[in-house]
Amino acid sequence: VSRAGGQLTVLPIAAKAPGGQDLSIDVGWFGAANPTRALVHVSGVHGVEGFAGAAIQLQWLDDALPAPPEACAVILLHVVNPYGMAWLRRVNEHNVDLNRNCLPSPGRYTGAPEGYEAVRDFLNAPGRSGFDWFAIKAVRLIWRFGLPTLHQAIAGGQYVDPTGLFFGGTSLEEGPRRVRDWVRQRLGAVTHLIGIDVHTGLGRYGTDALLVDEVPGTPAFEAVRTIFGKSLAQLDPHRSAAYRATGLFGALFHEALPHADVQFVVQEFGTYHALRVLRALRSENRSFHHGDGAAKSTLLKVFVPRDDRWRRAVLGRGRATIGEAWQWLNSR
Ligand SMILES: [Zn+2]
């Protein structure tokens, strides 16, 4: 960051890496000290998914672009869930999915999506991992509910099973809290903010989708579309490979900057089939809570394909998407 002309801030968290090392969220800052417009690029909200976003950020540093225009800043939020990246988990040190954790009030950490009861036992099978008819159970559930409904019930976020998948927590976790406080402190003068939050594991292999929590046709959706073009889709299982979720990380920025115009997109890079990814998540979670930890690299394989073609595609689209946001920053 300093070689590229920026300033580095470190937001430490209490959790440690497997070797006992300290962990932190790193913030690279470029441009105006007190900006009115900001571009925020985010990696690692989902721990193990963070390698793609971090690679895009390193590439951006290497690209050595000119400084942002007057009153503008580019901010790299490097690994929002450093515990998950270090331990190769998707969740944080409290088994919390940080992209379901950012809710506006403490009273909202309750309940589960419609249909969750029907998939609860399938998702959180007790005991050690091993052969347990995953495919047959999965096909039976898809046949009964249809893939979009099932996808929503599974991935929509739940607040009832603390050791289960897609658990949103019971209050705002330390990492997101530090980010929110930092945003309030440093971005108070911002009137326009655009965020790009990079994830992997959803959608077609080697391609990306830009997803927003807005309905197509609304002014908010169209405003983001003018920045990123046609490739934008809604977070909805019936309209894209995604699902509706509460407590998304981008919500923190809306909460911290209530008077600013905040646009947040999730950039999802597809890896493998949804059932393969789910199977890995389920197996890793089971092994973590009930087993010997043998599934440790399970998630790395499905979220970070060892394939140069996939990695080049990620870097290419990552650069292009930041480029579109950069143009927006320069257009005022
Ligand atoms: Zn993710």
Side-chain angles (χ1 to χ4, degrees), residues 25 40-57 77-103 113 123 151-152 154-158 164-169 173 175-176 179 195-213 233-237 240-253 264-282 284-285 288 298-305 310-311 313-314 317-318 321:
I25 301 163
V40 181
H41 190 272
V42 182
S43 67
V45 168
H46 278 150
V48 66
E49 294 178 22
F51 295 92
I56 293 168
Q57 293 175 338
L77 263 186
H78 176 259
V79 193
V80 172
N81 172 12
Y83 170 93
M85 194 163 171
W87 291 83
L88 304 181
R89 299 207 77 205
R90 188 173 170 279
V91 289
N92 82 342
E93 55 274 23
H94 300 127
N95 199 56
V96 172
D97 181 333
L98 296 187
N99 219 25
R100 311 287 180 274
N101 178 244
C102 303
L103 293 170
L123 280 183
H151 198 170
Q152 180 61 37
I154 292 173
Q158 53 87 9
L165 289 177
F166 306 101
F167 175 59
E173 288 290 311
V179 172
I196 303 168
D197 181 13
V198 178
H199 291 249
T200 65
L202 199 68
R204 237 177 65 218
Y205 188 86
T207 67
D208 69 312
L210 294 177
L211 303 161
V212 286
D213 196 13
Q234 188 191 2
L235 279 161
D236 184 318
S240 65
Y243 39 76
R244 291 180 309 277
T246 52
L248 296 176
F249 180 69
L252 275 191
F253 290 78
F264 233 87
V265 294
V266 170
Q267 185 171 31
E268 269 283 0
F269 287 95
T271 58
Y272 301 104
H273 191 275
L275 281 183
R276 180 167 167 191
V277 174
L278 179 62
R279 181 179 208 156
L281 282 169
R282 179 176 175 267
E284 188 274 341
N285 191 58
F288 183 84
T298 314
L299 295 188
L300 194 61
K301 282 179 197 150
V302 294
F303 286 110
V304 194
W310 185 88
R311 293 178 179 192
V314 165
R317 279 294 300 151
T321 306

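Note that the structure is predicted; figures quoted are calculated from it, not measured. Atoms within a ligand are numbered from 1 in the order they appear, just like the ligands themselves.
Closest approach between the Zn ion (ligand 1) and any N/O/S atom of His46 involves ND1. Restricting His199 to its N, O or S atoms, the one at the least distance from the Zn ion (ligand 1) is ND1.
Put simply, the side chain of Glu49 never gets that close to the backbone of Glu268: no donor and acceptor are under 3.5 Å apart. In this structure a side-chain-to-backbone donor-acceptor pair under 3.5 Å is missing from Thr271 to Phe303.
The Zn ion (ligand 1) has an N, O or S atom of Glu49 inside 2.8 Å of it.
A perpendicular orientation is assigned to the rings of Trp310 and Phe269, their planes being inclined by more than 60° (bins at 30° and 60°). Aromatic ring pairs are classed by plane angle as parallel below 30°, tilted from 30° to 60° and perpendicular above 60°; the pair Phe249 and Phe264 is perpendicular.
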